[in-house]
Structures are given as structure tokens and as C-alpha cells.
Amino acid sequence: SATYKVHDSWVAKADGKTHQIKAYHNGQLVKTAPISMGKTVNTPPRGATPTFNGTHVVLSKEAHKIMDSCTYGVCEGDPGYYSAPENWNVRISSDGEYLHENLKTVGVQGRDNVSNGCLNMNTENAKWFFDNFNAGDVVEITNSGGPQLAINNGHGDWAISWAAWQAGSALHG
């Protein structure tokens, strides 16, 4: 026999059409915040950078981080390069999607998606998510305009139905 202890249920639901994220603690709505997701419009210099749709899982957290586009091949001197300090970073995918503070997008949070794929928030909201969400907590993203999150991009177990998991068809459809 084995005994396991897990923490309370924390689920966030982010909607690219309403530009809001809603946090649920044990099924009860406890916070609603305006966000800006990845842009879907092909604007220079990088083009469209939509956020992935689907069930994401918190992988890690860092209070302060330099977000650097060179980590995915857009390096200094390239169009679209950036290197910016960001605060209250909650990583939700293996390829670099985060919930985090971004003061440059505060003016459009709640009405437009302009980020490089992350979910941008103001300081107060980003800090709140940083303080309350932990590894393993779920972030469901809908209406982002982006593709479906790949099952191997983070902890994809949550993206598979229980019936598919039991059937052993997690990776073989």
C-alpha cells in the first residue's frame, strides 16, 4: 500500500477572446485578471507568436528571469531579438511559455494579444499567480489563435482523457 498527499486544486482558465484569466481554488473562482497572450497577427519583426491552446501544467517558477529570444534562435542583431528582465515567472510549457509580469503590455492587457507567446499581467496579478500556483497546477488556455499544445511540451498527461490513458494510447492515438 502507499499513501500520497497532494495539495489543494488550483486551476487557471485563460481565454484569448476575453483576454482574461480566471483562477479557481478547489472549484471556486477566486481571481479574475486581464491578460495579453501571444499575438496572432503577422507583424514585423517576428511575425505571429500565438500562445498554444490546451491544458498546460506549471513546471517551475522564478521570481526574476531574463527573457532572451536567443534561447529559441532569434539572437542579437536579428529582427525581433529581445532580452528583457521579467518578474514573477510561472513556466507552463517546455518551450518557454510563462505567466509573468510585463509592464510594457499593461495598457492592452484585457483587450489585445501582443506578447511573444507568454501570458502577460501587471505586477499585482503576476505576483498573485506566482504566490498561489505551484508545480503541477493546471492552466487551461482557449481561443489563443495558436495551435494545440503538443503532448510532449511540458507535462502532457493532463491533455489525455482518462480512457485514453488507461488504454495505453497516450502517444499512439
Side-chain angles (χ1 to χ4, degrees), residues 10-25 29-149 153-155:
W10 283 95
V11 175
K13 296 182 179 191
D15 188 324
K17 286 187 181 175
T18 65
H19 310 286
Q20 290 188 343
I21 188 166
K22 295 181 178 195
Y24 297 84
H25 180 224
L29 178 64
V30 294
K31 180 138 186 97
T32 301
I35 57 170
S36 180
M37 288 188 190
K39 62 184 176 287
T40 57
V41 178
N42 192 6
T43 56
R46 237 185 108 215
T49 53
T51 305
F52 287 107
N53 279 305
T55 303
H56 297 63
V57 177
V58 173
L59 303 175
S60 63
K61 302 190 309 184
E62 295 175 76
H64 312 290
K65 179 176 180 57
I66 301 294
M67 297 284 183
D68 190 325
S69 62
C70 199
T71 61
Y72 56 83
V74 179
C75 296
E76 194 167 359
D78 294 338
Y81 169 75
Y82 62 86
S83 179
E86 301 292 357
N87 297 314
W88 315 123
N89 305 285
V90 178
R91 187 175 192 143
I92 59 171
S93 75
S94 295
D95 69 349
E97 288 177 315
Y98 289 79
L99 306 172
H100 67 82
E101 172 192 69
N102 189 322
L103 301 179
K104 293 178 184 173
T105 66
V106 168
V108 298
Q109 290 170 12
R111 64 184 164 107
D112 202 6
N113 293 326
V114 300
S115 85
N116 288 311
C118 293
L119 280 67
N120 294 171
M121 297 180 216
N122 68 19
T123 303
E124 176 189 345
N125 293 325
K127 175 86 166 67
W128 188 91
F129 274 88
F130 184 87
D131 289 344
N132 288 282
F133 275 70
N134 292 294
D137 292 335
V138 174
V139 178
E140 297 173 0
I141 297 175
T142 57
N143 301 311
S144 71
Q148 187 71 22
L149 182 72
N153 190 349
H155 296 307

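We're numbering straight along the sequence, starting at 1.
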(message) Test your reading of the model: is there a side-chain donor-acceptor pair from Ser36 to the backbone of Val114, 3.5 Å cut-off?
(response) yes
(request) Report yes or no: is the cationic atom of Lys61 (NZ for Lys, CZ for Arg) closer than 6.0 Å to the six-membered ring centre of Phe130, at no more than 45° off its axis? (result) yes
(request) Look up atom CD in Glu62 and atom CZ in Arg91, then write down how far apart they are to the nearest 0.5 Å. (result) 8.0 Å
(request) Would you kindly say whether Asn125 and Lys31 are connected by a side-chain donor-acceptor distance under 3.5 Å? (result) yes
(message) Testing the basics here: between Ser144 and Thr40, what is the closest heavy-atom pair and its distance to 0.1 Å?
(response) O-CG2, 3.2 Å
(message) Closer than 3.5 angstrom, by distance alone: can the side chain of His25 be matched with the main-chain N or O of Ala23 as a donor-acceptor pair?
(response) no
(message) When you measure from the side chain of Gln109 to the backbone of Asn102, do you find a donor-acceptor pair of N or O atoms at a distance under 3.5 Å?
(response) yes
(message) Is there a side-chain contact between Met67 and Tyr98 in this structure, where contact means two heavy atoms from C-beta onward sitting under 4.5 Å apart?
(response) yes
(request) Check side-chain contact (heavy atoms from CB on, under 4.5 Å) between Ala126 and all other residues, then give those that pass, not counting sequence neighbours. (result) Trp88, Glu101, Met121
(message) Can a donor-acceptor pair be found, under 3.5 Å and without considering hydrogens, that links the side chain of Thr55 to the backbone of Glu140?
(response) no
(message) Looking at Asn89 and His100, would you say the former's side chain and the latter's main chain have a donor-acceptor pair under 3.5 Å?
(response) no
(request) Give a yes or no on whether the backbone of Gly154 and the side-chain of Ser93 come within a donor-acceptor separation of less than 3.5 Å. (result) no
(request) With sequence neighbours left out, write down each residue that passes salt bridge (charged side-chain N to carboxylate O under 4.0 Å, His left out) with Lys22, or none if nothing qualifies. (result) none
(request) Mind listing the closest non-hydrogen atom pair of Gly96 and Cys118 along with its distance? (result) O-SG, 3.7 Å
(message) Treating Ser69 as the side-chain partner and Tyr82 as the backbone partner, does any N or O pair qualify as donor plus acceptor under 3.5 Å?
(response) yes
(request) State, yes or no, whether a side-chain contact exists between Thr123 and Asn87 at a heavy-atom distance under 4.5 Å. (result) no
(message) I'd like to know if the side chain of Asn113 and the backbone of Gly16 have a donor-acceptor N/O pair within less than 3.5 Å.
(response) yes
(request) Could you pull out the closest heavy-atom pair between Ile35 and Met37, with the gap in Å? (result) CD1-CE, 3.8 Å
(message) Applying ring-ring contact (aromatic ring centres under 6.0 Å, His included), can you list everything that pairs with Trp128, at least two apart in sequence or on another chain?
(response) Trp10
(request) Indicate yes or no for a side-chain donor-acceptor contact from Ser60 to the backbone of Ala135 under 3.5 Å, with no hydrogens or angles considered. (result) no
(message) Taking salt bridge (charged side-chain N to carboxylate O under 4.0 Å, His left out) as the definition, give me every residue that meets it alongside Asp131, ordered by chain and number, with sequence neighbours left out.
(response) Lys127
(request) Could you tell me the separation between the CG atom of Asn143 and the OG1 atom of Thr18, rounded to the nearest 0.5 Å? (result) 8.0 Å
(message) Using side-chain heavy atoms (C-beta onward) and a distance below 4.5 Å, is Val139 in contact with Glu97?
(response) no
(message) Can you pull out every disulfide (SG to SG under 2.5 Å) where at least one residue sits in residues 40-83? Sequence neighbours excluded, please.
(response) Cys70-Cys75
(message) To check you understand the geometry: which heavy-atom pair defines the closest contact between Asn42 and Gly47, and what is its length?
(response) OD1-CA, 2.9 Å
(request) Using salt bridge (charged side-chain N to carboxylate O under 4.0 Å, His left out) as the criterion, list what pairs up with Lys17, not counting sequence neighbours. (result) none
(request) Identify the residue among Asp15, Ile141, Thr32, Leu99 that makes a side chain to side chain contact (heavy atoms under 4.5 Å, CB included) with Ile21. (result) Leu99
(request) Can you see which heavy atom on Gly146 is nearest to which on Pro50, and at what distance? (result) CA-CB, 3.5 Å
(request) Identify the heavy atoms of Ser83 and Ile66 that sit nearest to each other, and give their distance. (result) OG-CG2, 3.3 Å
(message) To the nearest 0.5 Å, what is the distance between OG1 on Thr51 and CG on Asn116?
(response) 9.5 Å
(request) Kindly say whether Asn153 contributes a backbone atom to a donor-acceptor pair with the side chain of Asp95 at under 3.5 angstrom? (result) no
